[in-house]
Amino acid sequence: GAGVSQTPSNKVTEKGKYVELRCDPISGHTALYWYRQSLGQGPEFLIYFQGTGAADDSGLPNDRFFAVRPEGSVSTLKIQRTERGDSAVYLCASSLNSGNTGELFFGEGSRLTVL
Amino acid sequence: SQQGEEDPQALSIQEGENATMNCSYKTSINNLQWYRQNSGRGLVHLILIRSNEREKHSGRLRVTLDTSKKSSSLLITASRAADTASYFCATVNSGGSNYKLTFGKGTLLTVNP
């Protein structure tokens, strides 16, 4: 597609379960970002990929969170042993390249609700 | 952590009026960007202003940047009901982490028809 695609758009899960959120960036974009947005807040940085490697994962809140981008295109954000505090909208963004970052192109987000 | 602080947090105006939103930040920046987010949707890039620029225009949008005061403003002229959305400023810091945006908490703009 023409834009950044995220699936699922909504995910409801129970505390303690495992969740995967998928992001398909714009074709040819080498830089990919995951952000998390809580209600009434701005997006907060989680992790940045340049190609296949995670160049900066300093925003991941703890070791229950992990993300991969094995072929330098699609990325998956994985959350283990979900907690109620993980409930948020997880936004993925991509850009043509990084460094002196220009605009990011965002997906519509995956809304995660942990019961 | 969130670098930018937008004010006001919420703004309600009538169609046709101008809307001004402000953003303050703390560190040295490479550029500052404004994004728009409709309720329940993703963010859409509006405009980017570099640290060596003072003013930029795009259609009904005007952005200013004052690096000495570490502040920026977004002006939307002749507002329309369709401009109703949350508006976020985001900074790209100069120096090491020049690949990521740091967002503020946003201003919720409501334009009444």
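Just so it is clear: chains get the letters A, B, ... in the order the sequence lines come, proteins before strands, and each one is counted from 1. What you see is a predicted model, and the numbers here were worked out from it, not measured in a lab.
- At a heavy-atom separation below 4.5 angstrom, chain A is approached by no residue within residues 77-87 of chain B.
- Of the atoms belonging to A/Q37, it is side-chain heavy atoms, and not backbone ones, that fall under 4.5 Å from chain B.
- A donor-acceptor contact closer than 3.5 angstrom is absent between the side chains of B/S51 and B/N31.
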Salt bridge (Lys or Arg N to Asp or Glu O under 4.0 Å), that's the test. Do A/K15 and A/E83 meet it? Break it down for me.
CA-CA 5 Å; A/K15 180 172 179 276; A/E83 300 178 355; over 6 Å; no
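- Comment: A/R36 does not engage A/E44 in a salt bridge, judged by the lack of any side-chain N to carboxylate O separation of less than 4.0 angstrom.
- Between the B/K56 side chain and the B/L48 main chain, a donor and an acceptor come within less than 3.5 Å of each other.
- Side chains of B/L32 and B/Y25 form a contact here, defined as non-hydrogen atoms less than 4.5 Å apart.
- When ring centroids are compared, B/F103 and B/Y35 come within the 6.0 Å threshold.
- Relative to the six-membered ring of A/Y48, B/K100 misses at least one condition, a distance below 6.0 Å or an angle of at most 45° to the axis.
- For B/Q37, the part lying under 4.5 angstrom from a heavy atom of chain A is the side chain only.
- The minimum heavy-atom distance linking A/S94 with A/H29 is given by the pair OG-ND1, 2.8 Å.
- With a threshold of 4.5 angstrom between heavy atoms, A/Y35 approaches chain B through side-chain atoms but not through N, CA, C or O.
- If you check the side chains of A/T113 and A/S87, you find no donor sitting under 3.5 Å from an acceptor.
- Residues of residues 54-82 of chain A lying within less than 4.5 angstrom of chain B, judged on heavy atoms, are A/D56, A/S58 in numerical order.
- Counting heavy atoms from C-beta outward, B/L61 and B/L74 have side chains that approach closer than 4.5 Å.
- If you take CD1 on B/I76 and CG on B/N18, they are separated by 9.5 Å, rounding to the nearest 0.5 Å.
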